[in-house]
Structures are given as structure tokens and as C-alpha cells.
4 protein chains.
Amino acid sequence: MKFDQNKPIYLQIVEFVMESILTKQYQTEERIPSVRELAVALEVNQNTILKAYEHLENESIIYKKRGIGYFVDQQGYDQIMNIKRAEFIQHTLPDMFKNMQLLNISLEDLKSYFQQLNNSS
Amino acid sequence: MKFDQNKPIYLQIVEFVMESILTKQYQTEERIPSVRELAVALEVNQNTILKAYEHLENESIIYKKRGIGYFVDQQGYDQIMNIKRAEFIQHTLPDMFKNMQLLNISLEDLKSYFQQLNNSS
Amino acid sequence: MKFDQNKPIYLQIVEFVMESILTKQYQTEERIPSVRELAVALEVNQNTILKAYEHLENESIIYKKRGIGYFVDQQGYDQIMNIKRAEFIQHTLPDMFKNMQLLNISLEDLKSYFQQLNNSS
Amino acid sequence: MKFDQNKPIYLQIVEFVMESILTKQYQTEERIPSVRELAVALEVNQNTILKAYEHLENESIIYKKRGIGYFVDQQGYDQIMNIKRAEFIQHTLPDMFKNMQLLNISLEDLKSYFQQLNNSS
DNA sequence: GTGGTCTAGACCACC
DNA sequence: GTGGTCTAGACCACA
């Protein structure tokens, strides 16, 4: 996996796990990869994975069973939705609207970008 | 001026100068405040201002004359637009579209958010 | 290491690192000394080393990994060659030819200087 | 006149005057432009011209008559030749030979560069 | 006056 | 451990 050097790696891993849960790759109450496994898979220090998992644990998205591993919390999916929705409305949207004004981009332009991205992916 | 504690001050100053140019408060080829002046005005160290100015100089947004000061580059305005546009298309947009899919938000929803923000401001 | 008092120390460090790469003392993708290490070794402030490294990073000669260190960029060697070649052709050469005319020195004279220097070294 | 922002302007003016003397545009014992005149002509601060003239005076290349102006010294021409020759041999040449080795440029290559420049000028 | 370099030292986030 | 930000203050060359 390639990481953006401008954002903390552990936060990018948090994102990665969140998306895996949102897309149901990790189901509710299912065990997620161990710290070691993921560290090897992503070619990252174990401490970095641990920090990401602790972060997710603090947000009640995953929980750990001692000696066994980390599991997707029952309320994990909903928690992620809440967090993502809040961030979207409080940061992503205002930020985007501000830039649209500065760059003179209209909602119509947005629509065509949207279609372009959909076609290419 | 109050600074966001989560972002480097010098980058916030970079933003500040860019917006001053975008809004024509600093005109093309006009002299911008000296390092010392701005340091006093913003209550930060001179080195912090200098770092911001050097950053802007690297992006060809401002240039310096020895012993005189910093000036808005002829192509400064366009450079800022290029930078902002690139960031918008490469990061803001894909990020937003991805979140829209995950959060199940449609373009129609976006439109109504847009109108809400416009009314309230 | 002794520094020439007429040139900024950080630029002399830039030169030093470049030559270490050119002479293969630092190999491609190899880690170079940490900011602190080099600061101690050269007896200068950490900020001075950092400034040199940032300069080299801007020229795509080295790159950094968060929390790990600086590494020689894949294209580092070529970049240095490009920079040095450009400087040679745009500055050193025209400067020399101009002086040769003013001082009435011919290409033949140059050849003998060249041989003198080679013999003495 | 356009100045290289990387070198002190007053030194570039020193160069300019030296070349004017070498090419006999300013003859021995002839009066050179007044500080004010040259300042206007080159669009530079008078202090800058003054600094250049004082520098040239220190090297016995020009001398001043109070209330009248600056004049090319009797030994001015020879002085310039000495200075330029010394600099050429001590700095320009070794610097160039060093770069030639690093860049893998031979004396033959130099010859062709030389002819190119002669043709284009 | 202007920008620029450098230091010593503190403090931070990240790996 | 790593890089990075920031400060206070000194000192310099240049216009």
C-alpha cells in the first residue's frame, strides 16, 4: 500500500479499516487482521498499526479481546457513518464550496466532473 | 491574527498572502509587507514570516529585490489559481465523491446543502 | 569540517551531500545521516542541516520518510547531473569564454593549463 | 540593465565598469559617468553606484577629484588585467576543470561549445 | 531600512 | 529514535 507522506500513516490506516467496515469486507463482530499481520501486509511498523487500532477503539469502532485480537464493534458501522457524516458536513463541504467560489466552479461543472470520474472508474 | 493550532503557522501565513492576492488586496508587482512588519503585525517570529515568504517564492507567487523587499510576481495570481485548481481536482473532488458514495449522498442532496449555506451566509 | 566563511554553511552542506551522492558514497535509495547526527558531526545547528536537506528535497535529490529519515531519491543522481550541467553551460562556460577574450587567452593556452593542473595533482 | 539577483548589484556594476575600461570605452585618465548619472541610467540607488566606485577606487582602477568626478586611473587597465587574470587562474579554471571531470566533459567538447558560442554571437 | 544566516533551545507529532 | 515548527536574539551584507 502506498501512503501519502503528508498525512500521518496511522490515520491513513484508520481510514483504510473504516472503509473495509463500511464496504462490509469486515463484518460486525468479525475479527480483523492482527497487528502483526497488518504490519507485514502494509510494510509498516507494528506501533503504527497499534496506534491506528487504539484510535479506532477509542471511537468504539473496534474492541479487543485480550490474547485473541481485535473485532468490529456492534455499533462500529453506525459510528463510522456518524463520524464520516459529521466530517463531511463540517469540513469537506464548506471547504469545497469556498474553493468553488474562488475557482469559479459551478454546480453544473461539478456534475460533469462527477460523470467523468464515474466513467473512468 | 489568531492561528489554528493544528496547522503550521507559516502555512497559514502562506494561505493568508495567497488570499490577499486573489482578492486583489495585494496587486501584481506591488510590494507586500516586509518580513519585520508582518512579524510585528501578526505577533510571530521573523523567521516564521521568512519561511512563508520563501515558500511563496518557490511557487513563483512572489519574488524579492535585494535590500528592498518582496513583490507580487507577475504570474502570481495565475500560479495561485493553478495550485488551487490542481488541489481541488486531485484531492478535494475525489475525496468528496468517495465520501458521497460511502455516505449515500446524491448530487441532489449536495444542491440543497449548497442552498442552505448560501442562505445562511 | 571547515566552512568557507563567504558562503552560507547550509549551501556548503548541500554541495557536500551532492558530491557524496555523485561519488556513490551515498547510494540510491540509501538512508543518509539523520539531521541530528550530521549536526553533531559537522558541529552546526540542527536547523542548518534541516535547511540543507529541505533544499535537496526541493530539487528531488533526496526524499523523507516520516519518523525514519532522509533517503537518496531514485532520480537523485541524475538530478544532480542536470543541475550541474545546466549551471556549467549557462554560467561557467560563458563566463570563461568572456574572460578568455578579455584576457586574450586562447584555447591552446587552456590546454597547457589543463596539463599543468593534471601533472601537479 | 538587468541584474542577476544572486550577486550583489554593486559588484555587477564593478564588473560593468571594468569591462568598459578593458574595451577602451572608458579611456585612461578619462572621466567616467557621475554617480548620479549612472544611478539614473541603471535605475539603481546612488549608494549602490557609490559603493561600486569606492570599490574600484580601492583597487586603484579609478580615482576621484573632489567636486569634479571619477577618472580612470593611469594604471587602471593593468590593474584590471591583473585582477581578472588572478581570478581566472585561481577560481574560474580550477572550478571548471573540476566540473569537467564530474560532468565527463572533455577538452574536445569545450572546443565545440566555444565554436557554437562564437557563431551565435 | 531590507532580506538572510545561524545559534541554542524548547516542544511537538510520528514511527 | 525521526523530522518539523517556533522563538528570541545576534549578526551580516546589501540598497
Side-chain angles (χ1 to χ4, degrees), chain A residues 3 5-14 39 42-52 55, chain B residues 3-13 31-40 42-55 57 62-71, chain C residues 3 5-13 31-40 42-55 57 62-71, chain D residues 3 5-14 35 39 42-52 55:
Chain A
F3 295 104
Q5 285 294 328
N6 299 313
K7 272 209 311 195
I9 293 177
Y10 85 94
L11 282 182
Q12 296 180 58
I13 293 170
V14 164
L42 302 185
E43 294 178 296
V44 164
N45 193 298
Q46 292 188 21
N47 289 329
T48 308
I49 305 289
L50 191 59
K51 190 162 184 179
H55 186 100
Chain B
F3 293 104
D4 177 350
Q5 284 300 322
N6 299 315
K7 269 211 312 197
I9 294 177
Y10 83 93
L11 283 182
Q12 296 180 57
I13 293 171
R31 185 164 170 274
I32 67 176
S34 80
V35 171
R36 283 167 171 79
E37 275 169 24
L38 200 56
V40 170
L42 301 184
E43 295 178 296
V44 295
N45 191 281
Q46 297 182 13
N47 288 331
T48 306
I49 304 289
L50 189 59
K51 191 164 184 176
Y53 278 10
E54 282 174 344
H55 188 100
E57 196 187 10
I62 61 178
Y63 68 97
K64 61 172 169 261
K65 289 190 198 163
R66 302 176 68 101
I68 303 185
Y70 279 93
F71 296 77
Chain C
F3 293 104
Q5 285 300 321
N6 300 314
K7 269 211 315 197
I9 294 177
Y10 83 93
L11 283 182
Q12 296 181 57
I13 294 172
R31 186 167 169 275
I32 66 177
S34 79
V35 171
R36 283 167 172 78
E37 274 169 23
L38 200 55
V40 171
L42 301 185
E43 296 179 295
V44 294
N45 191 280
Q46 296 182 15
N47 288 332
T48 306
I49 304 289
L50 190 59
K51 192 164 183 178
Y53 278 10
E54 282 174 344
H55 188 99
E57 196 187 9
I62 61 177
Y63 68 97
K64 62 172 170 259
K65 290 189 196 164
R66 302 175 67 102
I68 301 184
Y70 280 92
F71 297 77
Chain D
F3 295 103
Q5 285 295 324
N6 299 315
K7 273 210 306 198
I9 293 177
Y10 86 94
L11 282 182
Q12 297 180 58
I13 293 172
V14 164
V35 170
L42 301 184
E43 294 179 297
V44 164
N45 193 298
Q46 292 188 18
N47 289 329
T48 307
I49 305 289
L50 190 60
K51 191 162 184 178
H55 186 98

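Naming convention: chains lettered A, B, ... in sequence-line order (proteins, then strands); numbering from 1 in each chain. Just so you know, these numbers come straight off a predicted model, no measurement behind them.
- Comparing dT7(F), dT5(F), dC14(E) by their closest approach to the side chain of K51(A) singles out dC14(E).
- OP1 or OP2 of dG4(E) lies within a sub-4.0 Å distance of a side-chain N or O belonging to Y70(B).
- Around atom CD of Q5(A), more than 12 heavy atoms belonging to other residues, nucleotides or ligands sit under 6.0 Å away.
- For the atom pair NZ of K65(C) and CD1 of I9(A), the computed distance is 9.5 Å after rounding to the nearest 0.5 Å.
- Between the side chain of N47(C) and the base of dG9(E) there is at least one donor-acceptor pair of N/O atoms closer than 3.5 Å.
- Side-chain N/O atoms of R36(B) and base N/O atoms of dG3(E) include a donor-acceptor pair closer than 3.5 Å.
- Between the CD atom of E43(B) and the C1' atom of dA8(F) there is a distance of 15 Å, rounded to whole Å.
- Place G67(B) and I32(C) on DNA chain F by their nearest nucleotides, and I32(C) ends up nearer the 5' end.
- The CG atom of L42(A) sits 14 Å away from the C1' atom of dC15(E) (whole-angstrom rounding).
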Start with the C-alpha gap between E54(B) and K51(C), add the side-chain angles, then the distance that decides, and say whether side chain to side chain contact (heavy atoms under 4.5 Å, CB included) holds. CA-CA 12 Å; E54(B) 282 174 344; K51(C) 192 164 183 178; 4.3 Å; yes

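- Considering only the side chain of V44(B), dT7(F) comes nearest among dT7(F), dG4(E), dC6(E).
- The CD atom of E54(B) sits 8 Å away from the C1' atom of dG4(E) (whole-angstrom rounding).
- For E57(B), the side chain to side chain donor-acceptor pair (under 3.5 Å) partners at least two apart in sequence or on another chain are K64(B).
- The two residues L11(C) and H55(C) have their closest heavy-atom pair at CD2-CE1, 4.3 Å.
- Using cut-offs of 30° and 60° for the angle between ring planes, the F71(B) and Y63(B) rings count as parallel.
- Under the side chain to side chain contact (heavy atoms under 4.5 Å, CB included) criterion, L42(D) pairs with M1(D), F3(D), I13(D), L38(D), V44(D), I49(D), not counting sequence neighbours.
- Place T48(B) and L50(C) on DNA chain F by their nearest nucleotides, and L50(C) ends up nearer the 5' end.
- Rounded to whole Å, atom P of dC6(F) lies 15 Å from atom OH of Y53(B).
- Minimum atom distance to the side chain of R66(C) is reached by dC15(E), of the listed dG4(E), dG4(F), dC15(E).
- Atom CD1 of I49(B) is separated from atom P of dT5(F) by 15 Å (rounded to the nearest Å).
- Looking at which nucleotide of DNA chain E each of N45(A) and P33(B) is closest to, the 5′-most match is held by P33(B).
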Pairing annotation in dot-bracket form, given for DNA chain F with Watson-Crick or G-U pairs under 3.5 Å and | for cross-strand partners: ||||||||||||||.

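- One interatomic measurement links the two molecules: CD1 of I62(C) to C1' of dG3(F), which rounds to 11 Å at whole-angstrom precision.
- N47(A) is linked by a side chain to side chain contact (heavy atoms under 4.5 Å, CB included) to N45(A), counting only residues two or more places apart in sequence or in another chain.
- In this structure, Q46(A) reaches neither bases nor backbone, as no heavy-atom distance under 4.0 Å exists between it and the strands shown.
- Within residues 3-11 of chain B, no residue has any heavy atom closer than 4.0 Å to DNA chain E.
- Among all heavy-atom pairs drawn from P33(B) and E37(B), the shortest one is CA-OE1, 3.5 Å.
- By the ring-ring contact (aromatic ring centres under 6.0 Å, His included) test, Y10(B) pairs with no residue at all, sequence neighbours left out.
- Side-chain proximity of V35(B) to the nucleotides dG3(E), dT2(F), dT5(F) is greatest for dG3(E).
- Contacts of Q12(D) with the nucleic acid, taken as non-hydrogen atoms under 4.0 Å apart, are absent.
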